[in-house]
Amino acid sequence: MTKNQKPNGLSELKRILIIGSGGRENSIAWALSRNQYIEQIYVCPGNGGTANFEKCICLKPNKEGQETIIFECQRLQINLVIIGPEVPLAEGLANKLRQAGLLVFGPCKEGAQLEASKDWAKTLMLENNIPTANYWSSHSKEEALEILHKVNQPLVIKADGLASGKGVIVCETIEQSKEAIQEVFSGRFGSAGNKVILEEKIEGPEVSLFALCDGEKLIVLPPAQDHKRLLDGDKGPNTGGMGAYAPAPLVNQQDLKDLTELILIPTLKGLKRKKIKYIGVIYAGLMLTSSGPKVIEFNCRFGDPECQALMPLMGEEFASVLFACARGELEKAPTLTFKNQCSVCVVAASKGYPDSPKEGDQISLKLESNPSLQVFHAGTTIDEFHNIITSGGRVLSVVAQGESFDKAFDLAYASLKKIKFDGMHFRRDIGYQIRNIST
Ligand code: AMP
Ligand code: GLY
């Protein structure tokens with residue numbers, strides 16, 4: 001490339017809109033803001049940390065709705081829309097934007113069923129020989145109880161639809177499974193629980209895989225490890241995720257190739273067979289069992305907080321790659337490189353998370369700038385006096401890199417000591433799998 005020549009595709013990529021308000025979207029905005037060719041990044045609605053990064057601003061239209069987003073994209077001459085969360089994807093925002101002629105990174109409504117209906121995803125897995133736990137699905141409490149009675153072993157009970165990552169009840173006993181079925185059908189997860197999946201309980205370490213897809217081809221990112229439980233020692237309720245690290249050493253380069261062949265490529269092919277041009281992230285949550293890897297969930301977007309740990313590892317080609325995916329031309333993108341570092345993320349949550357998070361507390365952040373350290377905001381907002389205030393359950397995440405996981409965790413945990421808000425809590429054992437700490 002000559003000195004003034006822009007990398008492939010980037011001459012047309014100047015203004016990006018990211019949809020979402022979480023730590024995931026904050027970290028994507030940060031990663032893209034480091035690309036010198038991108039002029040402006042809007043995050044709709046964004047959060048209290050959006051404007052901390054060069055070229056990034058919150059977009060808060062007066063009206064809600066898909067038509068408003070189309071209008072804003074046209075007004076701001078957006079070249080690429082990245083949709084972060086699952087809900088707008090499942091509602092068909094990507095379909096609408098594409099119909100309006102926009103380039104979008106994020107699957108269409110049909111593809112988002114990978115996450116929006118566990119039954120649909122399970123059927124896709126069966127049709128394509130993708131290894132997963134055995135399951136039954138049911139529309140009624142009576143039928144589900146009957147299945148449980150016949151199977152006569154504790155089953156994992158899952159609401160079929162979207163439930164903010166909280167629709168899974170892992171049961172130790174048949175009695176607990178019974179209670180879980182009753183809870184789901186009594187409306188605990190709203191209409192997401194109109195159908196339930198009863199799943200065989202499997203065991204093994206978990207790992208998250210991410211593929212960036214252009215409808216035909218895919219690129220696999222370094223594997224990541226999430227920590228879903230609220231408390232140290234993997235205790236307490238499931239949350240959206242309390243911390244993550246990448247690359248997860250549990251999966252080496254050869255394993256990653258094998259898992260790509262076994263799971264990710266067949267998933268994309270299965271989607272294609274259903275005439276779905278899947279553009280966006282395929283997130284496969286795996287359990288590595290004694291009888292081989294099995295998929296326990298698919299998501300149609302980046303994981304949160306895995307994304308926060310992954311973004312600092314992305315080479316500068318990241319923007320070109322997302323843009324090429326959106327155009328369905330991944331073959332024209334430069335090779336995506338990954339920094340040879342360990343990256344870790346620890347989430348600081350507010351009091352009461354996940355059930356009833358407290359909001360409205362002032363946050364004190366006294367961190368020195370360090371190229372190996374990032375603070376990605378999630379549930380934060382700025383008040384009229386320019387104070388940063390808590391406004392959600394997962395408030396922010398501290399992300400650090402190092403040549404070893406120990407160094408990265410030392411930096412992340414030392415930095416957390418310099419952040420304060422009332423009721424702040426975080427897990428102290430993120431990465432226990434690879435650190436020398438007792439749990
Ligand atoms: P999900 O939201 O589907 O990722 O599930 C949340 C958590 O529940 C997973 O991270 C696992 O720890 C656990 N889980 C889900 N499915 C199973 C299963 N079939 N057997 C055992 N644990 C499971
Ligand atoms: N960290 C899990 C998720 O994003 O669903």
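Order of appearance sets the numbers: ligands from 1, and atoms from 1 within every ligand.
Side-chain atoms of Tyr432 and Asp232 include no donor-acceptor pair closer than 3.5 Å. A donor atom on one side chain and an acceptor atom on the other are not found under 3.5 Å apart for Glu317 and Thr335.
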Check: every ligand 1 N/O to protein N/O pair under 3.5 Å:
unit_1	atom_1	unit_2	atom_2	d
ligand 1	4 (O)	Glu297	OE1	3.3
ligand 1	4 (O)	Glu297	OE2	2.9
ligand 1	10 (O)	Glu206	OE1	2.6
ligand 1	10 (O)	Lys228	NZ	3.4
ligand 1	12 (O)	Glu206	OE1	3.4
ligand 1	12 (O)	Glu206	OE2	2.4
ligand 1	16 (N)	Lys158	NZ	3.0
ligand 1	16 (N)	Glu199	OE1	3.4
ligand 1	19 (N)	Glu199	OE1	2.7
ligand 1	19 (N)	Glu200	O	2.9
ligand 1	20 (N)	Ile202	N	3.0
ligand 1	20 (N)	Ile202	O	3.4

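For the pair Lys274 and Trp120, the cation-pi test (distance below 6.0 Å, angle within 45°) is passed.
Under the 4.0 angstrom criterion for non-hydrogen atoms, Ala244 is not in contact with ligand 2.
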Less than 3.5 Å apart, which donor and acceptor atoms pair up between the side chains of residues 222-230 and the rest of the protein, not counting sequence neighbours?
unit_1	atom_1	unit_2	atom_2	d
Gln225	NE2	Glu206	O	2.8
His227	ND1	Gly243	O	3.2
His227	NE2	Gly431	N	3.0
His227	NE2	Gln433	OE1	3.3
Lys228	NZ	Glu297	OE2	3.4
Arg229	NH1	Gly236	O	2.8

Table please: side-chain donor-acceptor pairs of residues 280-295 below 3.5 Å, with sequence neighbours left out.
unit_1	atom_1	unit_2	atom_2	d
Tyr283	OH	Glu306	OE2	2.8
Thr289	OG1	Ser291	N	3.2
Thr289	OG1	Ser291	OG	3.3
Thr289	OG1	Gly292	N	3.3
Thr289	OG1	Gly292	O	2.6

Which donor-acceptor pairs under 3.5 Å do the side chains of residues 338-347 make with protein atoms, sequence neighbours left out?
unit_1	atom_1	unit_2	atom_2	d
Lys339	NZ	Met314	O	3.3
Ser343	OG	Ala309	O	2.7
Ser343	OG	Gln401	NE2	3.3

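A salt bridge is absent between Arg34 and Glu316: the closest approach of a Lys/Arg side-chain nitrogen to an acidic carboxylate oxygen does not fall below 4.0 angstrom. Using a 4.0 Å cut-off between charged nitrogen and carboxylate oxygen, Asp410 and Arg435 do not count as a salt-bridge pair. Looking at Asp422 and Lys358, a side-chain N of the basic residue comes within less than 4.0 Å of a carboxylate O on the acidic one, giving a salt bridge.
Ligand 2 places these atoms under 4.0 Å from at least one heavy atom of Arg301: 3 (C), 4 (O), 5 (O). The Asn299 neighbourhood of ligand 2 comprises atoms 5 (O), with distances under 4.0 Å to a heavy atom of that residue. Within the listing of ligand 2, atoms 1 (N), 2 (C) sit less than 4.0 angstrom from a heavy atom of Asp226. Within ligand 2, the atoms closer than 4.0 Å to a non-hydrogen atom of Gly303 are 4 (O), numbered from 1 in the order shown.
By the 3.5 Å distance cut-off applied to N or O atoms, Gly241 is not counted among the residues near ligand 2. The shortest N or O to N or O distance between Glu306 and ligand 2 is below 3.5 Å.
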